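Everything below concerns the one structure shown next.
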Amino acid sequence: MKHSLLGRDLLALADFSDTELLDILESAAELKSRQKRQKPQSLLTGRSLAMIFEKPSTRTRVGFEVAMTQLGGHAVYLSPRDTQLGRGETTADTARVLSRMCDGIMARVYDHQTLIDLAAAADVPVINGLSDRLHPVQALADLLTVREHFGSWRGLKLAYLGDSNNVSNSLLEVINRMGMDFALGTPTPQAVDASLLAAAQATAARTSTRLLITADPLEAARDADILYTDVWTSMGQAVDAAYLESLQPFQINAELLAVARPGAKVMHCLPMHRGEEISAEVADGPRSVVFDQAENRLHTHKAVLIATMAGVVLSRAQRLAA
Ligand code: CP
Ligand code: NVA
């Protein structure tokens, strides 16, 4: 039987039920294991993924392109310079054309509304590869990384420190759902999206977990199992010198790590700027798991692609047959 994710879009993690999220993560772990055992998984033979990039990328582009290749399919990279989108062809017309030729669309856009417009006009799954609002495929890789390092999610505390942005928004969508406590330490707590916050508060009540939004970095980091940060100026944002100054106390460094749990891990979606949101000592130190996160983009992308484009999720039970 085909999985419920067949034909579905992934614009936000809220689009997937708890069971669907767990299925994707289980499938990603299994795909990773098979890749390590050099068991090729030709689950998307002959399928094509269109990849629209309005902004630069290393991990997202390579992660999706290599995922399609390893699954026996093909990815087509489209920058605004290369397509008629850059010359005024509408988003809807682009979605209709790509739907006639490709089996899925992945898009990295400035305005989240562009993804909504693409998905409304497309007949194939549309996957969010980062928008100004959310970065769901990053958070999936992060969840897989947390479970690999801690064995499970329940009972852990993850603290995000710094600019409240697309990455922290996707964490806000999912951390409490997985049974973790979430602390968001940012100089402007009032800027956190009200609808995402309300949803996370409801989730925290449902899952009996804690949610803290604070302007105090030490309060956020205290007793955390994981400290997470991202760049202080996201792509497309104007640089604001006064705001950057207010972010200084949120840098993940030895001092902040000292108030976290012994053995706490440090995460960053990358690219990172040593000396800004993270000290070089911590970025390159033994607590850092940032490159595990980056690798897990590949495995989680694969899980999303086979679920949405072919209705397939893998589980450990299937390992015996693999
Ligand atoms: N973390 C992330 O999405 O990286 P890229 O911008 O390189 O794709
Ligand atoms: N918040 C960052 C994430 C980059 C992967 C940005 O949008 O630039």
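Just so you know, ligand 1 is whichever comes first in the structure, and atom 1 is the first atom listed for that ligand. Since we're looking at a predicted model, the values are computed, not measured.
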>> With a 4.0 Å cut-off on heavy atoms, is Arg297 in contact with ligand 1?
In response: yes
>> Side chain, backbone, both or neither: which applies to Asp163 and ligand 2 if a contact is any heavy-atom pair less than 4.0 Å apart?
In response: neither
> How close does the nearest protein non-hydrogen atom get to atom 6 (O) of ligand 1, and which residue and atom is it?
Replying inline: Arg108 NH1, 2.8 Å
> Does Thr90 use its side chain to pair, donor to acceptor, with the backbone of Asp93 at less than 3.5 Å?
Replying inline: yes
> Is Lys55 near ligand 1, meaning one of its heavy atoms is under 4.0 Å from it?
Replying inline: no
> What residue and heavy atom of the protein are closest to atom 7 (O) of ligand 2, and at what distance?
Replying inline: Asn166 ND2, 2.9 Å
>> Tell me whether Asp284 is salt-bridged to Arg274, with the criterion being a basic N under 4.0 Å from an acidic carboxylate O.
In response: yes
>> If you take the nearest heavy atom of each of Gly162, Ser234, Pro271, which one is closest to atom 2 (C) of ligand 2?
In response: Ser234
> Going through the checks in order, is the salt bridge (Lys or Arg N to Asp or Glu O under 4.0 Å) test met by Glu148 and Lys32?
Replying inline: CA-CA 11 Å; Glu148 286 175 350; Lys32 181 172 184 175; 2.8 Å; yes
> Does the Arg297 side chain pair with the main chain of Gln293, one donor and one acceptor, at a distance under 3.5 Å?
Replying inline: no
>> Please determine whether any non-hydrogen atom of Leu270 lies less than 4.0 Å from an atom of ligand 1.
In response: yes
> Looking at Tyr77, is Arg61 sitting on its ring face, NZ or CZ under 6.0 Å from the six-membered ring centre and within 45 degrees of the normal?
Replying inline: yes
>> Just to be sure I read this right, does ligand 1 sit under 4.0 Å from the backbone of Gln138, its side chain, both, or neither, counting only heavy atoms?
In response: side chain
> How far is atom 8 (O) of ligand 2 from its nearest protein heavy atom, and which residue and atom name does that atom have?
Replying inline: Met235 N, 2.8 Å
>> Using a 4.0 Å cut-off to any heavy atom of Leu130, which atoms of ligand 2 qualify?
In response: 3 (C), 4 (C), 5 (C), 7 (O)
> Will you find, in the side chains of Ser79 and Asp82, an N or O donor that is under 3.5 Å from an N or O acceptor?
Replying inline: yes
>> Could you identify the single nearest non-hydrogen protein atom to atom 4 (O) of ligand 1 and state the distance to 0.1 Å?
In response: Arg59 NE, 2.8 Å
> Ser168 side chain to Asn165 main-chain N or O, any donor-acceptor pair under 3.5 Å?
Replying inline: yes
>> Under 4.0 Å from a heavy atom of Thr58: which atoms of ligand 1 are those, numbered in the order shown and with their elements?
In response: 5 (P), 7 (O), 8 (O)
>> Taking only non-hydrogen atoms of Leu270, do any sit less than 4.0 angstrom from ligand 2?
In response: yes
> At a 4.0 Å threshold, what atoms of ligand 1 neighbour a non-hydrogen atom of His135?
Replying inline: 2 (C), 3 (O)
> Which residue owns the protein heavy atom closest to atom 3 (C) of ligand 2, what's the atom, and how far is it?
Replying inline: Asp230 OD2, 3.5 Å
> Sub-3.5 Å donor-acceptor pair from the side chain of Ser288 to the main-chain atoms of Ala283, do we have one?
Replying inline: yes
> Is any N or O atom of Cys269, backbone or side chain, closer than 3.5 Å to an N or O atom of ligand 1?
Replying inline: yes
>> If the cut-off is 4.0 Å to any non-hydrogen atom of Asn165, which atoms of ligand 2 fall inside it?
In response: 1 (N)
> Can you say whether the rings of Tyr228 and Tyr160 are parallel (under 30°), tilted (30 to 60°) or perpendicular (over 60°)?
Replying inline: tilted
> Going through the checks in order, is the salt bridge (Lys or Arg N to Asp or Glu O under 4.0 Å) test met by Arg261 and Asp225?
Replying inline: CA-CA 6 Å; Arg261 286 245 167 89; Asp225 299 281; 3.1 Å; yes
> Does the Glu276 side chain pair with the main chain of His273, one donor and one acceptor, at a distance under 3.5 Å?
Replying inline: no
